[in-house]
Peer 1: 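Handing you this structure, nothing more for now.
Order of appearance sets the numbers: ligands from 1, and atoms from 1 within every ligand. Numbering starts at 1 and runs along the sequence shown.
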Amino acid sequence: MSRINKICVLTSGGDSPGMNAAVRAVVRTAIYHKLEIVGSMQGYQGLINNEFMKMNSSTVSGIIHLGGTILKSARSPQFRTPEGRKLAHDNLVKNKVDAMVVIGGDGTFTGARIFGQEFNMPIVGIPGTIDNDLFGTDYTIGYDTASNTVIEAVDKIRDTATAHSRLFFIEVMGRDAGFLALRSAIASGAEAVMVPEVKTDHQKLEVFLKNGFKKKKTSSIVIVSEGEDVGGAINIAKKVADEHPEYDVRVSILGHLQRGGSPSAFDRVLASRLGVAAVEALIDDQKSIMVGVVNREVVHVPFNQALKNKKKLNPALLNLIEILSA
Ligand code: F6P
């Protein structure tokens with residue numbers, strides 16, 4: 001018999017498409033198992049402000065297809081302080097909450113790990129970020145939708161790039177990780193990709209510009225991750241335009257549109273599976289873990305492991321770009 005009676009769910013950090021589907025799954029699973037459930041507004045900040053939303057089956061109807069998050073999201077500086085976390089805990093006790101499900105990325109899980117230890121609070125994390133940069137899960141919620149959004153935009157830019165025989169540097173999100181850049185580059189047929197994990201090889205870029213772009217002279221697309229070491233698409237494009245005045249160079253920064261929109265079928269199903277798994281893990285007396293998916297099976301990964309290790313880009317995928325742009 002589980003010791004859990006009332007769960008609090010929250011979304012924190014950068015929002016990602018599919019967070020609502022995950023909230024819905026958490027709420028409905030709690031109801032299914034006859035547990036009480038509330039939502040904290042604006043992530044951890046809602047715990048500090050005592051801003052809870054009573055959740056029931058109808059509060060999560062009609063949200064599976066919505067981007068953003070009905071619980072709002074935030075990065076709470078106050079929750080990083082012991083005083084802020086004490087306030088948060090006092091409010092959870094006042095509201096009789098005895099377990100939590102947090103949906104977000106590494107910042108969210110770092111907060112959860114500390115809070116869980118300090119107050120012996122059972123917490124399970126669901127990975128929600130378009131960056132897909134969490135170790136221990138093949139996919140994070142929102143990554144698939146964001147990849148589709150990027151390729152739709154790149155396809156459109158390709159039309160105009162080809163019409164003018166231009167070289168485009170397109171910047172995508174990913175402060176510290178190139179998963180979104182790499183996947184979208186393959187799927188959009190980009191000629192090159194620049195990611196934070198690989199130091200930019202200027203010689204390689206030169207060879208690509210001379211052999212690839214000059215030879216084809218139709219259009220070229222280079223996908224640049226915002227965290228790339230030269231400092232983003234604007235800097236790279238400037239460098240290339242200075243060195244090659246003969247090329248017609250343009251830049252496009254896709255920005256926050258990558259975080260919005262209706263989640264893909266893949267993200268909705270992933271969010272639904274992980275929402276169910278998170279609540280069932282709490283019922284099973286588990287704590288300080290992230291639920292993820294590896295080889296299509298749900299897995300439980302300790303926060304320590306998910307946070308300590310760095311997920312690596314697949315070198316075979318990096319190689320694909322080079323082969324396919326020949
Ligand atoms: O972590 C998700 C993410 O979208 C990153 O890819 C990006 O660097 C960052 O959030 C942007 O954050 P903000 O919305 O605070 O500008």
Peer 1: Among all the protein's non-hydrogen atoms, which is closest to atom 3 (C) of ligand 1, and how far away is it?
Peer 2: Arg259 NH1, 3.5 Å
Peer 1: For atom 16 (O) of ligand 1, what is the closest protein heavy atom, and at what distance to 0.1 Å?
Peer 2: His256 NE2, 3.2 Å
Peer 1: Provide, to 0.1 Å, the distance between atom 8 (O) of ligand 1 and the closest protein heavy atom, together with that atom's residue and name.
Peer 2: Glu226 OE2, 2.4 Å
Peer 1: If you apply the rule salt bridge (Lys or Arg N to Asp or Glu O under 4.0 Å), what do you find for Lys86 with Asp90, and how did you get there?
Peer 2: CA-CA 6 Å; Lys86 163 93 175 54; Asp90 289 348; 3.0 Å; yes
Peer 1: Would you say that more than 12 heavy atoms from the other residues, nucleotides or ligands in this model lie under 6.0 Å from the NZ of Lys238, or not?
Peer 2: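 Open: at most 12 neighbouring heavy atoms sit under 6.0 Å from NZ of Lys238.
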Peer 1: Please could you name the atoms of ligand 1 that Gly174 approaches to less than 4.0 Å, counting only its heavy atoms?
Peer 2: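 Result: 6 (O).
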Peer 1: What do you reckon, is CD1 of Ile234 surrounded by more than 12 foreign heavy atoms closer than 6.0 Å?
Peer 2: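 Counting other residues, nucleotides and ligands, CD1 of Ile234 stays at 12 neighbours or fewer.
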Peer 1: Name the closest protein heavy atom to atom 15 (O) of ligand 1, giving the residue it belongs to and the distance to 0.1 Å.
Peer 2: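 For atom 15 (O) of ligand 1, the nearest protein heavy atom is Arg75 NH1, 2.6 Å.
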Peer 1: Cation-pi check, Lys308 to Phe135: give yes when NZ or CZ is under 6.0 Å from the six-membered ring centre and within 45° of the ring axis, no otherwise.
Peer 2: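 Not satisfied by the 6.0 Å and 45° rule.
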Peer 1: Report yes if the distance between the aromatic ring centroids of Tyr44 and Phe115 is under 6.0 Å, otherwise no.
Peer 2: no
Peer 1: Evaluate the criterion side chain to side chain contact (heavy atoms under 4.5 Å, CB included) for residue pair Ser12 and Lys72; output intermediate values, then yes/no.
Peer 2: CA-CA 8 Å; Ser12 161; Lys72 308 261 187 182; over 6 Å; no
Peer 1: Using a 4.0 Å heavy-atom cut-off, which part of Gln258 comes near ligand 1: side chain, backbone, both, or neither?
Peer 2: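 Neither part.
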Peer 1: Around atom 6 (O) of ligand 1, find the nearest protein heavy atom and jot down its residue, atom name and distance.
Peer 2: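 Its nearest protein heavy-atom neighbour is Asp131 OD1, 2.7 Å.
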